[in-house]
S.K.: 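Quick one: this structure, given as structure tokens, is what I'll be asking you about.
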Amino acid sequence: MWSRKILGWEVHEVESAELSAQLLERIRLEHPDKSLVGWTLHADNGGPMKGSTMLATMQRLGIISSFSRPRVSDDNPYIESLFRTLKYWPEYSPSGFASLELARAWVARFVEHY
């Protein structure tokens, strides 16, 4: 069974493997009733998702890593559908947000509704 429920999210000014790993740890702590063992985290081939800190955290938590094939952006129709939904959501700013706080507030409203 697959779920599209968003268990955790964060918005930062930079991408990093350390911040991604911290998010996984926070999700684990906030959802003690859910074992992450055997879950699959599908991601792009970017540095934050393939960094040693992130991969070590995933291995320790029993999360299986799955990466997009090179030059193929539509490997995961579920996440691509979420990205499309997000981009067409009211008040989405394709040119960016005026501040980190505004971006976080917008994502919080989106996640709450989604």
S.K.: Please enumerate all residues that pass side chain to side chain contact (heavy atoms under 4.5 Å, CB included) together with His31, with sequence neighbours excluded.
M.R.: Leu7, Ile27, Asp33, Lys34
S.K.: Using a 4.5 Å cut-off between side-chain heavy atoms of Ile, Leu, Val, Met, Phe, Trp and Tyr, which other residues end up in the same hydrophobic cluster as Val37?
M.R.: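 Once heavy-atom contacts under 4.5 Å are chained together, Val37 still belongs with nothing else.
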S.K.: Are more than 12 heavy atoms from other residues, nucleotides or ligands located less than 6.0 Å from atom CD of Glu15?
M.R.: no
S.K.: Using the salt bridge (Lys or Arg N to Asp or Glu O under 4.0 Å) criterion, which residues pair with Glu101? Sequence neighbours excluded.
M.R.: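 For Glu101, no residue satisfies salt bridge (Lys or Arg N to Asp or Glu O under 4.0 Å) once neighbours in sequence are set aside.
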S.K.: Using residues 51-61 as the side-chain source, report each donor-acceptor pair under 3.5 Å to any protein atom, sequence neighbours left out, with the distance given to one decimal.
M.R.:
| residue | atom | partner | partner atom | Å |
| --- | --- | --- | --- | --- |
| Thr53 | OG1 | Glu18 | OE2 | 3.4 |
| Thr57 | OG1 | Thr53 | O | 2.9 |
| Arg60 | NH1 | Glu25 | OE2 | 3.0 |
| Arg60 | NH2 | Glu25 | OE2 | 2.0 |

S.K.: Quick check: closest heavy atoms across Ser20 and Met49, and the distance to 0.1 Å?
M.R.: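 Smallest interatomic distance, heavy atoms only, reads OG-SD, 4.0 Å.
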S.K.: Within this structure, what is the CD-CZ distance for the pair Glu91 and Arg109, rounded to the nearest 0.5 Å?
M.R.: 5.0 Å
S.K.: How would you list, by chain and number, every residue that makes a side chain to side chain contact (heavy atoms under 4.5 Å, CB included) with Val11, sequence neighbours excluded?
M.R.: Trp9, Leu100, Ala103, Arg104, Val107
S.K.: Do Trp39 and Ile64 share a hydrophobic cluster, counting only Ile, Leu, Val, Met, Phe, Trp and Tyr and linking them when any side-chain heavy atoms are less than 4.5 Å apart?
M.R.: no
S.K.: So do the side chains of Leu41 and Leu36 get within less than 4.5 Å of each other, counting heavy atoms only?
M.R.: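 Heavy-atom side-chain distance check fails, nothing below 4.5 Å.
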S.K.: Mind checking what makes salt bridge (Lys or Arg N to Asp or Glu O under 4.0 Å) contact with Glu13, not counting sequence neighbours?
M.R.: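 Partners of Glu13 by the salt bridge (Lys or Arg N to Asp or Glu O under 4.0 Å) criterion come out as none, since no residue qualifies.
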S.K.: Hey, is CD on Glu30 packed in by over 12 heavy atoms from elsewhere, all under 6.0 Å?
M.R.: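 Counting other residues, nucleotides and ligands, CD of Glu30 exceeds 12 neighbours.
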S.K.: Quick one, Phe110 and Tyr92 - any side-chain contact, counting heavy atoms below 4.5 Å?
M.R.: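 With C-beta onward as the side chain, the pair stays apart.
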